[in-house]
Amino acid sequence: MKKFNKERVLLAVAGPVIALVLAIALTSIVLLASNRNPFEPYVLMLQQLPYSDVQVLIINQAAMYYIAAIAVALGFRMNLFNIGVDGQYRLAAVMTAVVGANIGLPAFLQIPVLLLVAMFTGAFWAGIAGVLKVTRGVSEVVSTIMLNAIATSVIGYVTLANVWGVQVGNNMTTGVMKKSGWFPGINLGSDVGDIYGMVFVAIALGIGYWVVLNRTRFGFDLRATGASESAAAASGVDAKRMVLVSMLISGAVSGLAGLPLLLGDSHTYSLDFPAGLGFTAIGIALLGRNNPGGIAFAALLWSFLDKASPALDYATPVAYEKEIATIMQGLIVFSVVISYEAVRQWGLRRQQRQVGAELAAAAAQNTKKEVAA
Amino acid sequence: MKILYGMQKPDEGTIAVDGEQAAFSSPADAIARGIGMVHQHFMLADNLTVLENVVLGSEKLYGIGGNARKKIKEISDRYGLGIHPDLLVEDLGVADRQRVEILKVLYRGARILILDEPTAVLVPQEVDALFDNLRELKSEGLSVIFISHKLGEVLSVADDITVIRRGTTVGTAIPSQTTPRQLAELMVGSELPTPETAESTVTDQPVVTVKNLTVYASGGIASLGELGAQPETATAGSAGAAPGADVLTEATTPGAAKRVLDDVTFTIHAGEVMGIAGVEGNGQTELIDALIGTRNADSGSIEFLGEDITGWATRKRRESGVGYIPEDRHRQGLLLESPLWENRILGHVTEKPNAKGFWLDIKGAQDDTRRIVEEYDVRTPGIDVTAASLSGGNQQKLIVGREMSHSPKFLIAAHPTRGVDVGAQAQIWDRIRDARREGLAVLLISADLDELIGLSDTLRVIYDGKLVADADPATITPEELGSAMTGAATGHLEHHDSDGVSGEDQDR
């Protein structure tokens with residue numbers, strides 16, 4: 001019995017490892033094809049790792065990826081494809097920034113209020129897609145993509161000068177948030193920077209995600225729905241309610257994704273607030289197999305590629321394009337999909353065979369005993 | 001079987017076709033060698049014609065037009081299949097569909113046919129017709145591998161019998177020199193089980209009372225429209241119904257939808273097993289769905305232990321004591337890629353020993369899974385293997401064990417022994433009988449008429465969504481039941497009185 005547990009772990013790890021090896025190999029081929037050294041860029045990027053300031057950048061960025069990817073993974077676990085994380089977290093960040101700039105409560109109230117505003121906004125935006133799916137059968141893929149576009153327009157409106165916008169130079173912002181709403185971080189010295197306090201919120205979210213999914217009735221229903229819609233319905237899961245609730249939770253989580261940066265560093269929402277986090281998160285959730293530990297690893301890897309790649313541009317004697325990292329990220333997503341499916345099928349078949357073999361062996365022993373007796 | 005058809009590779013051993021060694025890495029290889037397979041579940045596209053279905057995937061052989069049509073007619077005539085190439089498959093009955101499957105295989109040039117449980121969906125008269133077809137094929141020099149767990153059929157149609165038990169050949173037999181009993185002993189390794197119930201345990205205490213239950217073909221589906229419930233609905237109503245049955249649809253229905261369940265009324269008492277006979281696709285699925293609550297009743301009521309549960313959600317019904325052995329265990333009864341203990345939780349996630357309040361009780365569920373595995377003789381190396389790695393019979397035993405563990409008061413048992421080996425079958429029957437003695441009410445839906453007759457206290461026949469006939473299982477024969485299943489007979493199935501159940505007259 002233990003053997004099957006061990007095997008599960010092996011299978012779980014085999015997928016990502018194969019995917020990464022494949023992605024690196026393919027990237028090297030791309031490098032070779034463009035007459036570059038196929039290995040040096042990796043070395044150059046790895047050389048960035050020992051620097052503390054790069055480490056802090058990686059961790060901070062990873063926290064944002066992590067939260068967004070948890071939101072995506074929640075949907076994935078029940079076969080809901082929440083592509084709308086992107087719109088949800090940006091809209092949530094804007095609303096949080098506006099509230100933070102206009103309301104000044106003491107810090108112990110201000111920060112929870114801001115977190116709630118973000119979660120509520122995200123949940124509301126995702127909830128629209130949820131309601132549409134439940135009542136009208138609209139595919140969440142379509143509606144969330146459209147909601148992303150609508151969110152962009154809403155943000156454009158909110159940041160207008162005559163609404164809540166404040167012009168700084170030629171950048172539109174939402175004004176600087178009140179100091180009580182700045183999430184305290186860990187200061188590692190002026191040349192290294194702060195680790196955002198929200199990093200710990202992200203870790204807590206990951207733990208919460210695992211506990212809810214694996215240890216609660218709700219989580220079981222959610223996973224059952226993802227594993228087999230028809231079996232879940234027969235077991236008594238109310239599919240509609242499940243869709244709506246998971247959409248709301250997924251939206252609430254994604255609402256938090258922009259906050260590490262907003263509450264920890266920028267303290268205002270401006271035109272250069274990072275966009276596209278929600279799409280990156282889909283790849284990260286895939287690579288992490290919707291598992292909180294796996295997603296953490298994937299988020300760190302992604303963040304490392306992001307933050308270490310600029311060094312390629314300044315490498316001597318030969319500079320490399322930092323887009324190599326982007327190519328690699330794309331290839332990772334690509335190989336993840338292939339390798340996971342292959343490993344999954346192989347694993348199922350292998351287990352079937354093993355169980356068959358074990359039972360046959362047991363049966364053979366029984367008959368031998370019968371004969372002996 | 002899967003190995004012969006190239007779907008799985010052998011670990012050891014060889015296959016010789018016409019004395020020549022062969023290795024198959026895909027079904028295409030097997031087809032090239034002249035091996036064809038007729039699956040238990042038909043693989044036909046309903047909205048295409050017979051011709052289109054047959055040429056699909058082998059357009060290169062005879063094209064897709066006149067040539068192909070000629071070839072189909074030729075095959076159909078030669079083997080007496082009686083198939084018209086231009087009919088839509090959705091208009092065909094189950095038996096005709098099966099002949100289309102056989103034709104498909106022959107069209108691809110098969111000389112060896114594998115038939116996997118071909119009689120499971122047929123009524124006795126259709127089985128005889130199928131056997132005539134098979135004899136025809138045989139006389140033309142083709143070989144047929146006929147896989148079945150029904151002993152009588154094997155004995156009547158086969159020239160040579162090989163008995164396989166738990167993956168090994170346990171014996172061979174020649175039909176003319178073998179009795180069913182000897183064959184059964186080979187199969188089970190012990191005596192032949194019969195589904196007969198000893199004494200009646202029926203009480204006068206009603207458990208389930210269904211009144212005028214009606215469900216329309218479209219709408220009223222509890223699950224999400226987009227999520228795959230629709231194809232089922234589309235095919236279920238027409239699968240076995242004879243052409244012309246649509247006339248019965250009344251115009252009073254919203255959108256003039258077909259009634260897949262029409263005015264169904266019955267009562268099941270404590271300690272009673274009520275069997276429902278019928279060709280698949282005549283409303284059984286809808287009846288089950290309405291009872292378990294995955295589909296809403298459009299009119300009528302369902303009463304359970306004196307309470308009206310018509311509007312209850314599935315979970316509430318299950319919590320209050322409705323057990324459910326689903327028709328299709330892979331789609332409705334199991335999470336195939338989850339470990340056994342998670343499958344033990346499925347359907348009973350709110351109940352002990354699986355949950356403590358809001359939290360799952362994983363240890364409790366695992367311990368109880370071990371108990372079920374032990375008590376119900378589920379053959380598995382452990383409770384952490386996935387459900388998919390168990391054989392069908394063992395999966396079914398797990399499901400039966402799970403449902404029985406919550407001491408249900410009403411059990412919906414749909415094909416409880418389908419695809420289950422004879423040994424497991426006997427165990428499952430025993431469990432149902434034991435529970436019945438303790439006052440369980442059972443709705444038994446099965447395509448195995450022997451099982452229905454042997455296990456039931458009362459029998460009803462469903463045809464085109466209506467309960468058209470009833471019968472006394474003590475005296476009825478499978479043949480008599482079969483004629484009612486095709487709609488040829490209605491009312492009380494005995495020689496004299498005819499206090500019909502539905503009173504509807506639908507003689508053709």
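Lettering of chains follows the sequences in order, A, B, ..., and the numbering in each one begins at 1. Keep in mind that this is a model prediction, so the values were computed, not measured.
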> Rounded to the nearest 0.5 Å, what separation is found between the CG atom of A/Asp221 and the CG atom of B/Leu346?
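Taking CG in A/Asp221 and CG in B/Leu346, the distance rounds to 9.0 Å.
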
> Is B/Phe358 in contact with chain A via its backbone, its side chain, both, or neither, using a 4.5 Å heavy-atom distance?
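Both parts, backbone and side chain.
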
> Provide the closest heavy-atom pair for B/Leu335 versus A/Ala227 in the form atom of the first, atom of the second, distance.
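Heavy-atom minimum between the residues: CD2-CB, 3.9 Å.
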
> Donor-acceptor pair, distance only, cut-off 3.5 Å: does the side chain of B/Arg318 make one with the backbone of A/Ala234?
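The answer is yes, because a donor-acceptor pair under 3.5 Å joins these two groups.
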
> Measure distances from B/Ala313 to the heavy atoms of chain A and classify the residue's part below 4.5 Å as side chain, backbone, both or neither.
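For B/Ala313, neither part sits under 4.5 Å from chain A.
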
> Specify the closest pair of heavy atoms between B/Leu360 and A/Asn214, including all atoms of both residues, with the distance to one decimal.
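It is CD1-O, 3.6 Å.
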
> Heavy-atom distance under 4.5 Å between the side chains of A/Ser235 and B/Arg315, does that happen here?
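Contact flag for A/Ser235/B/Arg315 side chains = yes.
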
> With a 3.5 Å distance limit and no angle check, can you tell me whether A/Ser230 reaches the backbone of B/Arg331 through a side-chain donor-acceptor pair?
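Pair found, side chain donor or acceptor close to backbone of B/Arg331.
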
> Tell me the closest heavy-atom pair linking A/Ala231 and B/Gly333, and the distance in Å.
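That closest heavy-atom pairing would be CB-N, 4.5 Å.
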
> Check each atom of B/Ile345 against the heavy atoms of chain A and say whether the ones under 4.5 Å are side chain, backbone, both or neither.
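Contact with chain A: backbone and side chain both.
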
> Where on B/Glu319 is there a heavy atom nearer than 4.5 Å to chain A: the side chain, the backbone, both, or neither?
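Answer is neither: B/Glu319 stays 4.5 Å or more from chain A.
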
> Can you say whether A/Val237 sits under 4.5 Å from chain B via the side chain, the backbone, both, or neither, judging by heavy atoms?
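Both parts, backbone and side chain.
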
> Tell me if the CD atom of B/Glu374 is crowded by more than 12 foreign heavy atoms within 6.0 Å.
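It does not: B/Glu374 CD has 12 such atoms or fewer within range.
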
> Could you tell me if the side chain of A/Val211 sits less than 4.5 Å from the side chain of B/Trp359, heavy atoms only?
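Yes. Closest side-chain heavy atoms under 4.5 Å.
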
> With a sphere of 6.0 Å drawn around CZ of A/Arg241, does it hold more than 12 non-hydrogen atoms of other residues, nucleotides or ligands?
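Check fails, neighbour count at 12 or below.
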
> Should the heavy atoms of other residues, nucleotides or ligands under 6.0 Å from CZ of A/Phe218 be counted, would the total exceed 12?
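Yes, CZ of A/Phe218 has more than 12 neighbouring heavy atoms, counting only those of other groups under 6.0 Å.
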
> Find out whether A/Arg217 and B/Thr350 are in side-chain contact, i.e. whether some heavy atom of one side chain is under 4.5 Å from a heavy atom of the other.
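Yes. Closest side-chain heavy atoms under 4.5 Å.
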
